[in-house]
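Per chain, numbering begins at 1; letters A, B, ... match sequence-line order.
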There are 2 protein chains.
Amino acid sequence: MKETMNRNLFAPTTEIAPNLESLRIDTPPVTLREMALERLRNAIIAGLFSPGQRLVERTLCDQLGVSRSVIREVLRHLETEGLVETAPKQGPIVALIDWHQARQIYDVRIALETTAVADCARNADSATKEKLKTVLEDLDRNSRKNDALTILAATTEFYETIFLSGGHEIAWDIVKRLNSRISRLRVMTLSTTNRTVSGPARMREIFNAILRNDPDAATTACRAHIMEAAKIAESLLAPTDEAKF
Amino acid sequence: MKETMNRNLFAPTTEIAPNLESLRIDTPPVTLREMALERLRNAIIAGLFSPGQRLVERTLCDQLGVSRSVIREVLRHLETEGLVETAPKQGPIVALIDWHQARQIYDVRIALETTAVADCARNADSATKEKLKTVLEDLDRNSRKNDALTILAATTEFYETIFLSGGHEIAWDIVKRLNSRISRLRVMTLSTTNRTVSGPARMREIFNAILRNDPDAATTACRAHIMEAAKIAESLLAPTDEAKF
DNA sequence: TTCCGTATGATGGTATACCATAAGACCGCG
DNA sequence: CGCGGTCTTATGGTATACCATCATACGGAA
């Protein structure tokens, strides 16, 4: 970091403002902290750091190329998100998750997602339905390739559309955070045999229920969707009954 | 902070260890950060800082008697919790809340609390029922005094008992955070006429349903309890349709 | 008087220095 | 050989220094 302070902002000013609104400069002045936060979070979610692994601050400084101030604030953020735990007299580690916690997360997801899905089935406009249709078609194309990460992204977009169409930003935020805590679990869940088939099938059930404005059917399908995932997760996590993942 | 590093730990070592387990020293070495976090969070919840008010870092340093490192990490934590927002080019302010958000929070509470209450009604053991009885009796005693904060604490304990009895720590954590974001709203809600009557009445309904292991009745009462609160909150917040509180 | 440019102060972003502590390595004495 | 003490080092906790930027105030020129 000897050589700092001139990293971005070198785009030539050749952009043309088509209207008055777009003249506005609201460059969210991307701070180092935000970049570091995103990088580190993604790294943890992607499994670049194993659960339980120590996150030594000075090491992270080298790895991310920022100072400890930044790293520490990022760690506080991730700690509050539940992705990082801080062991006393030891410092931050990647959060572990056991079946007791994972199960709770699936429970909360059921409570929130069924609510959102039912609400969407009641009120969805045609634009929302169109969007969901598109997402599902993408998912169908990709699920044949069995690419877990792509499927995960499409699944996320599917639910995001549902949550946001009903104005449930806060609930979606909660679900997103919970999902990040079980991200590795979700990837493994998706890799399981048949999941790449049953998952999209359930989502299509949900979609059809939304199409015909049937909240109850949507709720049922959504609950089934999550409980199937939870079941697979349990089979991965529960037998050992130790803090895996 | 010229004079640091010898703040606690001066308790004389005259404690007697009644058994081997209690010999263990797990003093969570209370860090400045934890203390500052709690203080600042409480101050915001208590309304010592008005919503929208700027939280100038150096000023907070003086007020809390700690350095900016500590303050900034605490602010990151509170920001992630949703109690503080950071306006670009301006810095941290106490988070504002409008009816759109508050409503969502009540929605999520309904989803999570009805789930917990129903679960409790299905599985509650006698110890839990006893605990709830005690809490309710305390509440009855205090509700006559119309002390909003005391009632709030009792209400919190009531729900905490329900959540934790079913092992729903994560859901409770979420609810706690959401509640802190509408804390001022809750206090005002409680001050409303009749709320000091209808609130405990609803909680007794919930309690009775739990006593006789009736999940459906418990769910219904719980939903009614929250929706009544939301209704009052709406009347306080919605008409203006501006970012109050 | 009005407008523009500059100076100044406040503030957040970032980096770094310092300290206490705990865990491990090492060594010498029994 | 083993045990206890001490030294070293790694690490997190805390404080502070420095910088870029933005807002405001002020002053001079038209």
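Nearest to the side chain of A:R58, among C:dA15, C:dG12, D:dT11, sits D:dT11. In the set D:dG12, C:dA15, D:dT14, the nucleotide with an atom closest to the side chain of B:S67 is D:dT14.
Nucleotide C:dG12 holds its P atom 13 Å from the CD atom of B:E79, rounded to whole Å. Across the protein-nucleic acid pair, B:I93 atom CD1 and C:dG12 atom C1' stand 15 Å apart, rounded to whole Å. If you measure from atom CG of B:L37 to atom P of D:dT14, you get 12 Å, rounded to the nearest angstrom. Between the CD atom of A:Q90 and the C1' atom of C:dA23 there is a distance of 11 Å, given to the nearest Å. Note: CD (B:E57) to P (D:dA15) measures 15 Å, nearest angstrom. As a whole-Å value, the separation of A:D62 CG from C:dA15 P is 12 Å. In this structure, A:L55 places its CG atom 16 Å from C1' of D:dA10, rounding to the nearest Å. Between the CG atom of B:L64 and the P atom of D:dT14 there is a distance of 13 Å, given to the nearest Å.
Nearest heavy atoms, A:Q104 versus B:I170: OE1-N, 2.7 Å. Here the closest heavy-atom approach between residue A:A95 and residue A:P51 is recorded as O-CB, 3.8 Å.
For A:A124, the side chain to side chain contact (heavy atoms under 4.5 Å, CB included) partners at least two apart in sequence or on another chain are A:C120, A:T128, A:K129, A:I210.
Of the possible polar contacts, one joining the A:R184 side chain to the A:I44 backbone as a donor-acceptor pair under 3.5 Å is found.
Ring geometry, A:H225 versus A:Y159: the interplanar angle falls under 30°, so the pair is classed parallel (tilted spans 30 to 60°).
Taken residue by residue, residues 69-77 of chain A places heavy atoms nearer than 4.0 Å to DNA chain D at A:R72.
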Exercise for the section: Run the numbers on A:H77 and A:E81 for side-chain hydrogen bond (donor to acceptor under 3.5 Å, both in side chains), then give the verdict. Expected result: CA-CA 6 Å; A:H77 191 118; A:E81 275 191 15; 3.2 Å; yes

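Between B:R177 and B:D173 there is a salt bridge, with a side-chain nitrogen of the basic residue lying less than 4.0 Å from a carboxylate oxygen of the acidic one.
Judged by distance alone, with hydrogens and angles left aside, B:R68 brings a side-chain donor or acceptor within reach of the base of C:dG13, the pair sitting under 3.5 Å.
In terms of phosphate contacts, B:R33 brings a side-chain nitrogen or oxygen within less than 4.0 Å of OP1 or OP2 of D:dG13.
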